[in-house]
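These values consider heavy atoms only, across backbone and side chains, with no hydrogens, waters or symmetry-generated copies. Computed from a predicted model, the values in this text were never measured in an experiment.
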Amino acid sequence: MFDTIVNEMDNLCRETAQRCAEAYHTLRAAEDAARAKQGIDESPVKYKARQATAAAKLEDARKLQRDLAFDLPQEAESKGNALRRQLEAAIADKYAADPADVDANTLTLLQSGILTPPEYARLFEKATSPTMRRLIGKSAGDAARTTQDAENARILRNVEYQAMHTSGGEYLVAFDGLCDILRRSAKNPTFCDRYSELAAPYLDVFRR
């Protein structure tokens with residue numbers, strides 16, 4: 001569900017982490033080259049030429065690092081926020097209450113007052129639309145507030161609680177986890193090697 005958006009986010013995270021790591025490693029390599037001593041068989045002329053080349057590459061690497069440190073976090077955050085807005089819209093559309101999804105027979109049962117707590121739970125499990133799950137959860141919550149039996153109240157409140165999560169909210173929570181990784185990846189080169197491990201729990205929410 002929401003595959004296109006989360007795949008774009010996954011690619012954005014990976015690309016951001018890669019750019020940050022590459023700039024870091026380029027700078028480290030340029031620093032090592034600039035510090036290199038004159039070789040035993042290297043003439044002074046060649047050594048000075050190599051030093052000059054290394055100094056120029058080091059300056060380029062430092063500029064890249066400075067530019068990236070300034071631009072990459074803002075660029076990544078802007079793109080991540082745009083994808084989050086797309087996800088919010090997609091979730092709102094997917095989980096919006098829809099009269100066409102209302103099962104009249106189930107609605108009649110909910111209004112009848114004859115349902116037992118286990119029956120509420122079974123109806124909720126069988127419901128195939130967010131609209132019906134929300135209706136069942138609302139009815140179960142109302143019933144929980146009128147029962148004097150603690151165990152029955154527990155079952156009814158559990159149905160109500162599950163219905164509260166029939167809104168796609170878990171997808172936004174998981175996406176926000178990816179946004180946090182994206183933010184860190186733009187600043188910390190070590191996240192490139194750790195990305196797959198860190199992102200897996202959040203990506204799994206979308207791929208269940």
When you check the gap from the basic side-chain N to the acidic O, do [X] and [Y] get nearer than 4.0 Å?
X      : Y      : result
Glu160 : Arg157 : no
Glu22  : Arg19  : no
Asp176 : Arg84  : yes
Lys79  : Glu8   : no
Arg14  : Asp10  : yes
Arg35  : Asp32  : yes

Flag, side chain of [X] to backbone of [Y], donor-acceptor distance under 3.5 Å:
X      : Y      : result
Arg134 : Tyr95  : yes
Thr166 : Gln162 : yes
Arg133 : Phe124 : yes
Glu59  : Lys63  : no

* Using distance alone, with no hydrogens and no angle criterion, decide if Thr190 and Asn188 have a side-chain donor and acceptor under 3.5 Å apart. => yes

Please round to the nearest 0.5 Å and tell me the distance separating atom [atom1] of [X] and atom [atom2] of [Y].
X      : Y      : atom1 : atom2 : answer
Phe175 : Asp180 : CZ    : CG    : 12.5 Å
Gln86  : Glu88  : CD    : CD    : 10.5 Å
Arg122 : Thr116 : CZ    : OG1   : 6.0 Å
Leu27  : Arg62  : CG    : CZ    : 7.0 Å
Leu83  : Ile5   : CG    : CD1   : 7.5 Å
Asp71  : Leu64  : CG    : CG    : 10.0 Å

* Given side chains that start at C-beta, do those of Tyr120 and Ile155 come closer than 4.5 Å, heavy atoms only? -> no

* To do: Could you check if a side-chain atom of Tyr202 sits within less than 4.5 angstrom of a side-chain atom of Ile181, using non-hydrogen atoms only?
  => yes

Taking every non-hydrogen atom, the tightest pair across [X] and [Y]:
X      : Y      : result
Pro73  : Ala186 : CA-CB, 3.7 Å
Leu12  : Gly80  : CD2-N, 3.7 Å
Leu72  : Thr16  : CD2-O, 3.8 Å
Tyr195 : Cys13  : CE1-CB, 3.3 Å
Thr131 : Ala96  : OG1-O, 3.8 Å

* Mark yes when over 12 heavy atoms from residues, nucleotides or ligands other than Tyr161 sit less than 6.0 Å from its OH; otherwise mark no. => no

Contacts under 3.5 angstrom, residues 107-115 side chains, donor-acceptor by atom type, not counting sequence neighbours:
from	atom 1	to	atom 2	distance (Å)
Thr108	OG1	Ala104	O	2.9
Ser112	OG	Leu109	O	2.6
Ser112	OG	Ile114	N	3.3

* Are the aromatic ring centres of Phe2 and Tyr171 under 6.0 angstrom apart? -> yes

* Structure fact -> Sequence neighbours excluded, the answer for salt bridge (charged side-chain N to carboxylate O under 4.0 Å, His left out) partners of Glu197 is none

* **Partners passing salt bridge (charged side-chain N to carboxylate O under 4.0 Å, His left out) against Arg194 (at least two apart in sequence or in another chain)** => none

